[in-house]
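Each remark here refers to the structure printed beneath this line.
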Amino acid sequence: MMTEARTTPPGVRSPNLSLYREARKAAIWGVAISLGLGVAKLIGGWYGNSLGLISDAAHSLVDAVISGALFGALWIAQRPADHEHPYGHARFEAVAGSGVALILIGLAAGIAYEAYHGLGRPRGIPEAYTLAIAIGGIAFQEGLYRYARSVALRTGSGALLATAWDYRLDALGSVAVVAGVGLSRWGGPDWAWADHAAALMVAGAISWVGGSLLWGNIQDLMDRQATPAVLSNVRDEAMAARGVLGVEKLRVRKVGLEYLVDIHVEVDPEQTVRAGHEIAHAVKDRVIERVPSIRDVLVHIEPAEDQDAVGPFIASPPASSASSGDTPHRPDR
């Protein structure tokens with residue numbers, strides 16, 4: 001027996017699962033690589049007498065936890081709409097992105113505290129092989145950052161973008177380890193402070209990126225208007241629909257990896273209700289078909305001020321897409 005709470009409400013498009021699938025794949029790669037690097041750095045730092053490498057191992061292991069949490073968040077966000085959540089669960093992705101940003105800020109505070117209080121502590125000389133582990137970590141983390149960032153930009157995942165930047169910051173942390181270990185081994189005791197100073201710089205960078213990503217995800221939760229490129233794309237496709245004389249108002253808000261559109265289109269004021277209904281569905285169907293990142297479109301019909309621009313629109317029999325259970329669109333009275 002079908003559970004009513006799991007039924008997608010009429011007129012609501014299912015999530016674009018391919019976007020979520022691609023983002024989850026990047027998260028899985030993040031778990032695997034970060035976990036492997038964390039274990040390697042921890043063992044190498046413990047036996048190689050490198051406190052910097054041990055701290056870098058903690059960052060990598062935190063990355064693995066973050067990537068695992070991101071996978072779970074994307075799994076929840078892709079769930080279709082139900083009667084309790086008629087707009088779906090996609091906002092959970094932005095909530096997860098905000099959580100990742102807060103973790104980054106907390107991690108930056110912890111690194112800064114340890115680096116500052118460790119400036120005057122004597123340290124032993126790390127083994128040379130800790131340099132090789134740190135350099136290998138830089139290569140893997142930078143590659144993971146580039147892959148995750150490209151997927152994040154392609155899918156529009158703010159949470160994945162936040163995680164990608166964490167991979168880049170982990171790579172910068174490994175650079176600090178390389179500098180600190182190198183100066184400790186070959187610079188003498190006078191340079192023992194160098195790795196701590198580098199750690200403070202990395203902590204500042206982590207804090208700045210975390211704050212920027214937190215602000216971006218909060219803006220998405222507050223229904224910030226979409227980028228000019230998205231707005232232009234939606235407007236152009238709506239204007240290309242038959243019977244549309246103009247776009248009077250356009251709002252596009254981001255929910256998860258997709259967008260919801262509210263658009264007011266101008267039509268001949270002498271049209272019948274049926275003709276206006278068909279135009280509204282033509283706009284909705286065209287925008288969803290031509291712009292893959294659009295989840296749903298709500299079309300409002302407005303009477304055009306200048307109806308001489310285009311000749312009268314002749315109503316045709318209702319298209320199959322217009323009888324899919326969507327709520328009928330009504331022209332203004």
Side-chain angles (χ1 to χ4, degrees), residues 23-24 26-46 48 50-75 93-118 130 133-149 151-152 157-178 180 195-196 198-214 216-217:
R24 289 203 314 274
I28 286 294
W29 274 109
V31 172
I33 293 177
S34 297
L35 185 60
L37 288 175
V39 171
K41 291 175 184 177
L42 183 62
I43 295 175
W46 183 267
S50 174
L51 182 61
L53 194 58
I54 292 175
S55 299
D56 201 23
H59 191 176
S60 294
L61 293 174
V62 168
D63 286 349
V65 173
I66 290 174
S67 298
L70 172 63
F71 179 87
L74 290 169
W75 186 270
E93 191 268 348
V95 173
S98 300
V100 170
L102 288 172
I103 291 174
L104 290 177
I105 294 172
L107 182 63
I111 292 175
Y113 178 84
E114 288 297 326
Y116 177 78
H117 287 279
T130 58
I133 296 175
I135 292 172
I138 294 171
F140 276 102
Q141 289 151 353
E142 180 65 18
L144 185 58
Y145 157 76
R146 295 181 181 228
Y147 166 64
R149 182 177 182 273
V151 174
S157 173
L160 182 58
L161 183 61
T163 307
W165 273 105
D166 190 31
Y167 301 149
R168 162 62 68 85
L169 295 170
D170 201 359
L172 293 176
S174 295
V175 170
V177 171
V178 170
D195 58 334
H196 294 280
L200 284 172
M201 294 173 60
V202 172
I206 293 175
S207 179
W208 181 82
V209 172
S212 299
L213 293 171
L214 178 62
N217 281 284

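Numbers here are sequence positions counted from 1. Not measured: the values here are computed from a predicted model.
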Measure the spacing between CG of L102 and CG of L107 and express it to the nearest 0.5 Å. 12.5 Å
With heavy-atom distances below 4.5 Å as the criterion, would you say the side chains of L144 and S34 are in contact? yes
Where G45 and I54 come nearest, the two heavy atoms and their spacing: C-CG1, 3.6 Å
F71 CZ to I28 CD1 distance, which is reported to the nearest 0.5 Å: 4.5 Å
Are R149 and L161 side-chain neighbours, meaning at least one heavy-atom pair lies under 4.5 Å? yes
Do the side chains of W29 and S67 get nearer than 4.5 Å, heavy atoms only? no
Roughly how far apart are T130 OG1 and K41 NZ, rounded to 0.5 Å? 12.5 Å
CG-OH distance between L37 and Y167, expressed to the nearest 0.5 angstrom: 11.0 Å
Knowing that exactly one of L42, L53, I43, V178 qualifies, which makes a side chain to side chain contact (heavy atoms under 4.5 Å, CB included) with I133? L53
One should read off an interatomic distance between D170 CG and I66 CD1, to the nearest 0.5 angstrom, of 9.5 Å
Calculate, to the nearest 0.5 Å, the distance between atoms CG and OG belonging to N217 and S212 respectively. 11.5 Å
Closest heavy-atom pair and its distance - D56, S174: OD2-OG, 2.5 Å
Using every non-hydrogen atom in the two residues, find where A152 and L160 come nearest and quote the distance to one decimal. N-CD2, 3.7 Å
So do R168 and E142 actually touch side chain to side chain, heavy atoms under 4.5 Å? yes
Kindly check if the number of other-residue, nucleotide or ligand heavy atoms within 6.0 Å of CZ (F140) is above 12? no
